[in-house]
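Report on the structure given below.
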Amino acid sequence: MIDATAFEQHRRMLFGIAYRMLGSVADAEDLVQDTWLRCSQVSTPVHNPAGYLARTVTNLAINRLTSAAATREQYVGPWLPEPLVTQPDAGEEVELAESVSLALLVVLDHLSPLERAVFVLKEAFGYSFKEIAAMLERSEASVRQVGHRARSHVRARRPRYDTPAEVQRQVTDEFLAACLGGDLNRMMELLAPDVTAWSDGGGKVKAAVRPQRGADKVARFLAAVVTQPVDDPRVHAVNVNGRPGLLLTVAGRPDTVACAEVVDARITEIHIIRNPDKLQHL
C-alpha cells in the first residue's frame, strides 16, 4: 500500500503529469485526488511508489481524455489550456510552470491520448520506454514507435529556440503599451508577419471563434479589443506558464490572461484565455 506521507512526497509530480496530459488545473487536481483514492485502497506492498503513482495518474488521464473527446469537438472557438499564473517568487510553482508553456500544451493537444502520455512521461519526467511500456501495458517496441512519432510532431510545431525571459517581458510590455496607446504602427513592428492569435472564450464570453493570422489582422483585432469599455480595468504583469504575460482584472475579478511567444524580438504567437471556467482557480 501507499501511505499519505509517500503520496504527498510525489504530489507535485502527479500534478505535473496530470496537468500536461489534460491542460486543466482543476481537472489535474481532481485526477491527483482520484489517484490517492485508488492507491490508498491497495493492500499489497508497493515497492516503487513513484512508478506506481505515475502509472495510475497517467492511465486515469488517458481515460479522461478519451471520454472528453466528444465534448472537445463541440467546444466553441479555439481551445486553450488553463493557465498557470505565478509571481516570480512563487518557488516550486514557478519551476513547474517554466517547464510547460502554453504553446507546448497547445501542440500536445493535437496528439492522441497515448502519444501525449508517452511524450510527457519520456520528455518531461525521464522515464525509459521500457518503464512506460510497463505502465501502459504495451510492448516496448510499440511505445518506442509512439514516442518517436509524438516527438517528431512536437518538434515540427514548437518554437525553434527559447527567447530570454527579459526580452520576452520587454517585448510584451512594449506591445501592451502600443495596444493601450492605439499605436497600430508600433504594434505591427512588434508582430512577426505570420503571427497567430488564439482567443478562448468557450462560447461564454466575447472572443474570436477563429484564430487571427497575419500581423495586420492581429493588430487590428487587438486594437479593437482594448478599446472596449469595461468597469475598473487593471493590468497585472504576471508569469503565465513560465512566460511573461498579463492578467486583466475587471472590477477586481480575473477577466483575461494573455501571453505571447517571442522569437527574434517579435511576437509569433498570442494566447488569450477568457473562458471564466478556466480562470476560476486564479
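Taken from CZ in Arg38 to CG in Asn59, the straight-line distance is 9.0 Å, to the nearest 0.5 Å. To the nearest 0.5 Å, atoms CG (Leu22) and CD1 (Ile17) are separated by 11.0 Å. Distance check, rounded to the nearest 0.5 Å: CG of Asn48 to CD of Glu131 gives 8.0 Å. Considering OG1 of Thr249 and CG of Leu282, their distance stands at 11.0 Å, rounded to 0.5 Å. Between Asp173 atom CG and Leu246 atom CG the span is 7.0 Å, to the nearest 0.5 Å.
Asp200 places no side-chain N or O within donor-acceptor distance of the main-chain N or O of Ile273, the cut-off being under 3.5 Å. Within the 3.5 Å criterion, the main-chain N or O of Gly245 finds no donor-acceptor partner in the side chain of Thr172. No side-chain donor-acceptor contact under 3.5 Å links Glu137 to the backbone of Met135. Using a distance-only test at 3.5 Å, with no hydrogens or angles considered, a donor-acceptor pair links the side chain of Arg116 to the main chain of Arg20. Remark: side-chain polar atoms of Arg243 are not paired, donor with acceptor, to backbone N or O of Glu261 under 3.5 angstrom. Side-chain N or O atoms of Tyr52 include none that pairs as donor or acceptor with a backbone N or O of His47 at under 3.5 Å. In this structure, Ser199 contributes its side chain and Ala208 its backbone to a donor-acceptor pair below 3.5 Å. Listed for the Asp3 side chain is a donor-acceptor partner under 3.5 Å among the backbone atoms of Ala6. Gln168 contributes a side-chain N or O that, together with a main-chain N or O of Thr163, makes up a donor-acceptor pair within less than 3.5 Å.
If you chain together hydrophobic residues whose side chains sit under 4.5 Å apart, Leu191 and Leu176 never meet in one group. Transitive grouping of hydrophobic side chains (ILVMFWY, heavy atoms separated by less than 4.5 Å) keeps Leu222 and Val226 in distinct clusters. No continuous path of ILVMFWY side-chain contacts below 4.5 Å connects Phe175 to Met188, so the two sit in separate hydrophobic clusters. Taken together through direct or relayed side-chain contacts under 4.5 Å among Ile, Leu, Val, Met, Phe, Trp and Tyr, Val85 and Leu248 form parts of separate hydrophobic clusters. By the criterion of side-chain heavy atoms lying less than 4.5 angstrom apart, applied directly or through intervening Ile, Leu, Val, Met, Phe, Trp or Tyr residues, Val250 is not grouped with Val205; the two fall into different hydrophobic clusters.
Under a cut-off of 6.0 angstrom, the local environment of CZ in Arg220 is sparse, with at most 12 non-hydrogen atoms contributed by other residues, nucleotides or ligands. Counting heavy-atom neighbours within 6.0 Å of Arg151 CZ, excluding the residue itself, gives a total above 12. Around atom CD of Gln145, no more than 12 heavy atoms belonging to other residues, nucleotides or ligands sit under 6.0 Å away.
No side-chain heavy atom of Phe125 sits under 4.5 Å from any side-chain heavy atom of Ile132. Taking the side chain as every heavy atom from C-beta outward, Ile2 and Val42 never approach each other to under 4.5 Å. For the pair Arg144 and Ser128, the minimum side-chain heavy-atom distance is 4.5 Å or more. Here the side chains of Leu14 and Trp36 are not in contact, with every heavy-atom distance at 4.5 Å or above. In this structure, Trp79 and Lys278 have side chains that are in contact, with non-hydrogen atoms separated by less than 4.5 Å. Side-chain contact check for Pro49 versus Gln9: every heavy-atom pair is 4.5 Å or farther apart. In this structure, Arg138 and Val146 have side chains that are not in contact, with every pair of non-hydrogen atoms separated by 4.5 Å or more. Arg266 places none of its side-chain heavy atoms less than 4.5 Å from the side chain of Val171.
Between Asp194 and Arg213 no salt bridge is recorded (no basic side-chain N to carboxylate O distance below 4.0 Å). Checked for salt-bridge contact, Arg234 and Asp232 meet the test: a charged N lies under 4.0 Å from a carboxylate O.
No hydrogens or angles considered: nothing links the side chains of Thr196 and Glu269 as a donor-acceptor pair under 3.5 Å.
Of all heavy-atom pairs between Thr268 and Ala192, the closest is CG2-CB, 4.0 Å. Shortest non-hydrogen contact noted between Ala50 and Met13 is O-CE, 3.7 Å. Of all heavy-atom pairs between Pro244 and Asn239, the closest is CA-OD1, 4.0 Å. Leu65 and Pro113 make their closest contact through CB-CG, 3.9 Å (heavy atoms, listed as atom of the first residue, atom of the second, distance). In terms of heavy atoms, Val230 sits closest to Pro233 at CG2-CB, 3.4 Å. The heavy-atom pair separating Val120 from Met21 by the smallest distance is CG2-SD, 4.3 Å.
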Requested in this report: Check the pair Glu29 / Gln33 against side chain to side chain donor-acceptor pair (under 3.5 Å), numbers first and verdict last.
Outcome: CA-CA 6 Å; Glu29 291 173 343; Gln33 186 61 27; over 6 Å; no
Report task. Go through the steps to decide whether Glu115 and His153 satisfy the test side-chain contact (heavy atoms from CB on, under 4.5 Å), and finish with yes or no. Result -> CA-CA 10 Å; Glu115 289 172 337; His153 184 90; over 6 Å; no
**Report entry** Chi angles and distances behind the salt bridge (charged side-chain N to carboxylate O under 4.0 Å, His left out) call for Arg169, Glu166
**Finding:** CA-CA 5 Å; Arg169 172 55 67 191; Glu166 59 272 19; over 6 Å; no
Report task. Could you please spell out the steps behind the side-chain contact (heavy atoms from CB on, under 4.5 Å) verdict for Val118 and Phe129? Result -> CA-CA 8 Å; Val118 174; Phe129 286 125; 4.1 Å; yes
Requested in this report: Could you go through the side-chain contact (heavy atoms from CB on, under 4.5 Å) check for Tyr127 and Arg55 one step at a time?
Outcome: CA-CA 11 Å; Tyr127 284 101; Arg55 170 181 178 174; over 6 Å; no
Query raised in the report: What do the steps show when you test Leu102 against Leu80 for side-chain contact (heavy atoms from CB on, under 4.5 Å), and what is the final call?
Result: CA-CA 8 Å; Leu102 283 183; Leu80 293 176; over 6 Å; no
